[in-house]
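Report on one structure; see the data block that follows.
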Amino acid sequence: ERLLGIQPDNVRGLVLAGMIATRTHSWARAEKHLTRAVQSDPHGVLPRRLLANVYLATGRPDRARSTLKPNLAAELRDTESMALAARAEMELGDMKAAESLYLQALSLTPEDPQLRSAAALMRISQGKAEQGYAELAAVAAADPGVVGDLALIGAATSRRDYARALGAVDRLQQKLANDPSVPALRGRILLEQGSQAAAKAQFERALAMDPKYFPAAEALALLSIGAGQPAEAQKRFTQLLQADPSNVPALLALAQIRAAAKAPTDEVVGILNRAGSASPLDPRPRVQLIQFLLQAGQAKRALAAAQEAAALLPEDLDVLDGLGAAQLASHELQQAKSTFAQLASLAPKSELPHLRLSDVYLNDGQEAEALKALNRALEIRPDSRLAQAKLISLHVRARRWDEAIAVARSMQKAEPDDAAGWVAEGEIEVKRQREDAAIAAFKTGVTKKQPYPAPARYFLALTSADK
């Protein structure tokens, strides 16, 4: 930052600042620095590649594609840019363009295991499963690394081909003989297969190899919770923390268990503060602390924690969301509006900041502004059930029945096989005290492929009407 203060257009400084911001997920700052780097050096390959990474991480594959275009010139032979561009094309739904880019990159580096694996996964997604599996197996056999192995295991598991996945894990074990991640991976596949006892044995094996290995402890704790044994789940994390007192995920998990057990507030706060001290730049302990204090009804303490977190991590989206929620709970409405507006500018593809803003406006008696915020949320994500429900509620509260029905009908049109739109219409008619119209809407919902919760609402409506 000092270098940029002296030479604001220094490309190396901008790239380095962008890389640091990317590593801490400060996406707006990363985009700002890397955009300036691209402007200062339009022909530079690395700045464009890094900026495209930011666009992909923030859900803007179209921007990534246009940013990478100069890097795809044949004379540059930049296979990393080709792979990134292929990922952007996949996210944009152009599978042919993605495959073409992967094959172009492979022609330049035919032995690259990452590119070979990506191309094989592309073939599997296109329905050429056996061809793709064979290529992944060949990559795994030829590469001393694990890229091909993990790609094969993931592809087979996602398609419920558990025998193939477990066979690939066995071969991976030969490469990583003493790595606890291998039995833990086998355990996850067995668990998905429904073999709970065998899965538990694998997680135990992983912990025996490394008592500090959190994924195995977490899996065993979840099994204990599922079996109604929360004390046993807690024991898993306390044992891990004896071996590794600063393990942040274990501290966060322990805090969750103690909160669920109705432990004293200060005990849970102490665990979360310990996690924050162990990793000051990790937003998770701070966000969890804010959420816990809000749920405990301690808005002022939550606000103090949120302000401290925001001072340290001013562009972290989850921290800003927590800050805005704490400001709203503390009735600091103008500050909450400012915070959620900032969040909206940092996450332009997310409907969440606008949903939050609608709550603030309603608390401030600004119904028209709340309506605008909800409509903006639906522009960004038309299928947001939460935005639809809030918009219907707003119309119903103002007795704008036709507008409320229009939202429900738009849900029906967008998802004709889902009962949600008909249930929403039925609920509106119930509030409107039009029993027959409500029953008709619920009855239609029952006939849909995804009927829940229409059957229960249909029965209640019939009972209420003595029919």
Side-chain angles (χ1 to χ4, degrees), residues 58-62 90-95 124-127 154-155 157-160 192 194 226 317 321 344 347-359 361-362 367 370-465 467:
T58 52
R60 292 176 285 174
D62 52 334
M90 285 183 70
E91 292 187 20
L92 289 165
D94 193 339
M95 296 301 179
I124 292 172
S125 71
Q126 291 175 326
T157 302
S158 67
R159 286 160 182 77
R160 299 184 181 180
E192 189 168 320
L317 303 184
D321 187 45
K349 296 293 183 180
S350 173
E351 79 282 6
L352 179 63
H354 302 281
L355 291 173
R356 300 284 197 252
L357 275 168
S358 73
D359 291 336
Y361 285 128
L362 282 175
E367 185 181 303
L371 194 62
K372 288 179 187 177
L374 289 172
N375 283 322
R376 177 60 184 141
L378 285 169
E379 286 174 15
I380 295 170
R381 187 180 168 192
D383 64 344
S384 170
R385 291 280 174 86
L386 184 56
Q388 291 162 343
K390 283 178 176 287
L391 188 56
I392 288 172
S393 176
L394 196 59
H395 286 316
V396 167
R397 192 170 75 171
R399 304 181 70 81
R400 293 190 292 264
W401 305 114
D402 291 344
E403 287 89 339
I405 292 291
V407 178
R409 296 274 169 85
S410 71
M411 294 168 66
Q412 296 166 11
K413 184 177 180 181
E415 298 185 77
D417 293 329
D418 195 306
W422 283 270
V423 171
E425 182 176 345
E427 299 289 5
I428 296 164
E429 297 295 7
V430 167
K431 290 182 174 65
R432 204 175 182 180
Q433 297 183 334
R434 301 203 329 174
E435 288 182 341
D436 289 343
I439 289 169
F442 291 137
K443 184 178 180 180
T444 303
V446 171
T447 67
K448 299 302 170 181
K449 289 181 181 178
Q450 300 174 54
Y452 179 82
R457 294 300 296 121
Y458 181 45
F459 175 76
L460 287 172
L462 288 172
T463 304
S464 175
K467 293 186 178 181

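Side chains included, hydrogens not; waters and symmetry mates left out as well; all remaining heavy atoms used.
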To the closest 0.5 Å, what do you measure between [atom1] ([X]) and [atom2] ([Y])?
{"X": "Leu317", "Y": "Ser350", "atom1": "CG", "atom2": "OG", "result": "8.0 Å"}
{"X": "Leu357", "Y": "Leu362", "atom1": "CG", "atom2": "CG", "result": "11.0 Å"}
{"X": "His354", "Y": "Arg356", "atom1": "NE2", "atom2": "CZ", "result": "12.5 Å"}
{"X": "Leu391", "Y": "Leu374", "atom1": "CG", "atom2": "CG", "result": "5.5 Å"}
{"X": "Tyr458", "Y": "Thr463", "atom1": "OH", "atom2": "OG1", "result": "10.5 Å"}
{"X": "Ser410", "Y": "Ile392", "atom1": "OG", "atom2": "CD1", "result": "7.5 Å"}

Find out whether [X] and [Y] are in side-chain contact, i.e. whether some heavy atom of one side chain is under 4.5 Å from a heavy atom of the other.
{"X": "Lys372", "Y": "Asn375", "result": "no"}
{"X": "Glu427", "Y": "Arg457", "result": "yes"}
{"X": "Lys443", "Y": "Trp422", "result": "no"}

Determine yes or no for a side-chain-to-main-chain donor-acceptor pair under 3.5 angstrom, with [X] supplying the side chain and [Y] the backbone.
{"X": "Ser464", "Y": "Ala461", "answer": "no"}
{"X": "Gln412", "Y": "Gly421", "answer": "yes"}
{"X": "Gln388", "Y": "Pro382", "answer": "yes"}
{"X": "Ser393", "Y": "Lys390", "answer": "no"}
{"X": "Arg381", "Y": "Ala377", "answer": "no"}

| query | In terms of side-chain geometry, is the basic nitrogen of Lys448 or Glu415 positioned less than 4.0 Å from the acidic oxygen of its partner? | reply | no
